[in-house]
Amino acid sequence: LACLELLERLANYEPDVLQVEWPEGQPFRLKKPSGSLWLKVETRADWFEVTGALELEPGQELKVLQMMEHLSRSQGRFVALSDGEFVAMTEEMANRLRALNQLAEPAKGAALRLHPLMAGFLQDLPDLQVDREFQQRLSQIRKLESFQPDPPKTFQGELRAYQLQG
């Protein structure tokens with residue numbers, strides 16, 4: 001993976017200054033996403049359906065389900081697409097997508113299926129498009145995060161610090 005880091009840096013040079021090729025003579029392609037990752041969440045019967053894509057080049061997208069398949073076979077932030085072709089993601093993006101892949105399961109089409117209790121995981125993702133029901137679920141989660149119950153008035157005892165924290 002360190003060699004991919006080096007190749008990514010070398011790829012920033014103009015082709016007339018420096019060209020990078022595999023020793024066997026096969027060209028090496030390291031793609032950087034040209035656009036952002038966008039995800040769309042829609043409510044289904046008992047789950048959320050997550051669709052989306054990562055724009056690799058203008059007109060070429062990697063759908064979320066394809067991305068998960070490639071991520072599961074790769075390590076680090078470099079994702080192998082095919083022979084000699086890699087996508088250079090940021091560490092944060094690769095980590096987030098791997099976590100999403102562990103929480104979700106494939107659904108019909110090019111979508112992922114996410115349990116409603118996992119809605120909070122998606123709330124900080126940029127370029128997230130959600131429906132009204134998903135917004136309501138996030139609102140409920142935020143309310144619960146700030147909930148501070150008082151001990152019952154009839155309670156006679158002393159709570160330990162971890163018990164006070166919940």
Side-chain angles (χ1 to χ4, degrees), residues 1-2 4-5 7-8 11 28-152 159-166:
L1 295 178
L4 290 174
E5 290 281 352
L7 290 172
E8 179 184 34
F28 174 84
R29 290 201 57 195
L30 183 63
K31 295 181 176 187
K32 287 187 179 181
S34 60
S36 62
L37 168 70
W38 65 269
L39 294 174
K40 182 177 181 181
V41 181
E42 294 179 289
T43 305
R44 296 293 179 246
D46 296 338
W47 70 87
F48 292 119
E49 184 177 85
V50 181
T51 56
L54 177 66
E55 187 177 1
L56 300 177
E57 295 172 350
Q60 183 187 12
E61 289 186 331
L62 187 60
K63 300 283 184 204
V64 70
L65 195 56
Q66 294 171 310
M67 217 179 328
M68 296 307 173
E69 290 170 5
H70 292 300
L71 270 169
S72 65
R73 294 189 303 262
S74 301
Q75 293 181 357
R77 66 186 195 92
F78 296 98
V79 180
L81 297 179
S82 61
D83 290 338
E85 191 172 49
F86 294 84
V87 173
M89 294 185 180
T90 63
E91 286 286 343
E92 181 184 355
M93 182 186 292
N95 290 339
R96 280 260 184 180
L97 289 173
R98 280 194 176 89
L100 177 59
N101 197 23
Q102 290 178 345
L103 298 173
E105 59 185 61
K108 291 181 181 175
L112 293 173
R113 188 170 164 167
L114 189 68
H115 192 280
L117 293 175
M118 299 295 119
F121 172 77
L122 297 175
Q123 69 184 349
D124 296 329
L125 290 176
D127 296 325
L128 183 65
Q129 303 166 22
V130 299
D131 64 11
R132 186 175 50 80
E133 290 183 48
F134 186 83
Q135 276 290 64
Q136 290 173 343
R137 178 68 61 146
L138 285 181
S139 178
Q140 291 170 342
I141 289 171
R142 287 184 189 118
K143 284 179 186 175
L144 288 174
E145 287 174 346
S146 62
F147 179 66
Q148 295 291 326
D150 293 323
L159 294 174
R160 297 183 176 123
Y162 71 89
Q163 293 170 319
L164 288 170
Q165 291 176 355

task = Using the side chain to side chain contact (heavy atoms under 4.5 Å, CB included) rule, take Met67 and Val79 through it: C-alpha gap first, then chi angles, then the decisive distance, then the call.
result = CA-CA 9 Å; Met67 217 179 328; Val79 180; over 6 Å; no
Which residues pass the side chain to side chain donor-acceptor pair (under 3.5 Å) test with [X], sequence neighbours left out?
{"X": "Thr43", "result": "Asp131"}
{"X": "Asp127", "result": "Ser36"}
{"X": "Glu55", "result": "none"}
{"X": "Lys40", "result": "none"}

Can you measure from [atom1] ([X]) to [atom2] ([Y]) and round to the nearest 0.5 angstrom?
{"X": "Leu39", "Y": "Leu97", "atom1": "CG", "atom2": "CG", "answer": "7.0 Å"}
{"X": "Leu144", "Y": "Ser139", "atom1": "CG", "atom2": "OG", "answer": "9.5 Å"}
{"X": "Trp38", "Y": "Leu54", "atom1": "CH2", "atom2": "CG", "answer": "11.0 Å"}
{"X": "His115", "Y": "Glu105", "atom1": "NE2", "atom2": "CD", "answer": "10.0 Å"}

Would a 4.5 Å heavy-atom cut-off, applied to side chains only, mark [X] and [Y] as touching?
{"X": "Leu122", "Y": "Phe134", "value": "yes"}
{"X": "Leu100", "Y": "Leu114", "value": "yes"}
{"X": "Met89", "Y": "Leu37", "value": "no"}

Please report the shortest heavy-atom distance between [X] and [Y], naming the atom on each side.
{"X": "Asn101", "Y": "Ser72", "value": "ND2-CB, 4.1 Å"}
{"X": "Ala111", "Y": "Thr51", "value": "CB-CG2, 3.6 Å"}
{"X": "Ser74", "Y": "Ala80", "value": "OG-N, 3.1 Å"}
{"X": "Ala88", "Y": "Pro33", "value": "O-CD, 3.2 Å"}
{"X": "Ile141", "Y": "Ala119", "value": "CD1-CB, 3.9 Å"}

message = Taking salt bridge (charged side-chain N to carboxylate O under 4.0 Å, His left out) as the definition, give me every residue that meets it alongside Arg44, ordered by chain and number, with sequence neighbours left out.
response = Glu42, Glu49
Step-by-step side chain to side chain contact (heavy atoms under 4.5 Å, CB included) determination, Arg137 to Glu133 = CA-CA 6 Å; Arg137 178 68 61 146; Glu133 290 183 48; over 6 Å; no
inquiry  = Heavy-atom count check: over 12 atoms from other residues, nucleotides or ligands less than 6.0 Å from Arg160 CZ?
reply    = no
key: Steps toward side chain to side chain contact (heavy atoms under 4.5 Å, CB included) verdict (Arg77, Thr90)   = CA-CA 6 Å; Arg77 66 186 195 92; Thr90 63; 5.7 Å; no
request  = Before giving the answer on side chain to side chain contact (heavy atoms under 4.5 Å, CB included), spell out for Leu81 and Leu62 the whole-Å C-alpha distance, their side-chain angles and the decisive distance to 0.1 Å.
outcome  = CA-CA 10 Å; Leu81 297 179; Leu62 187 60; 3.8 Å; yes
inquiry  = Taking salt bridge (Lys or Arg N to Asp or Glu O under 4.0 Å) as the cut-off, I'd like each qualifying pair that reaches into residues 87-96, sequence neighbours left out, listed once.
reply    = none
Whether Ser146 side chain and Lys143 backbone form a donor-acceptor pair below 3.5 Å = yes
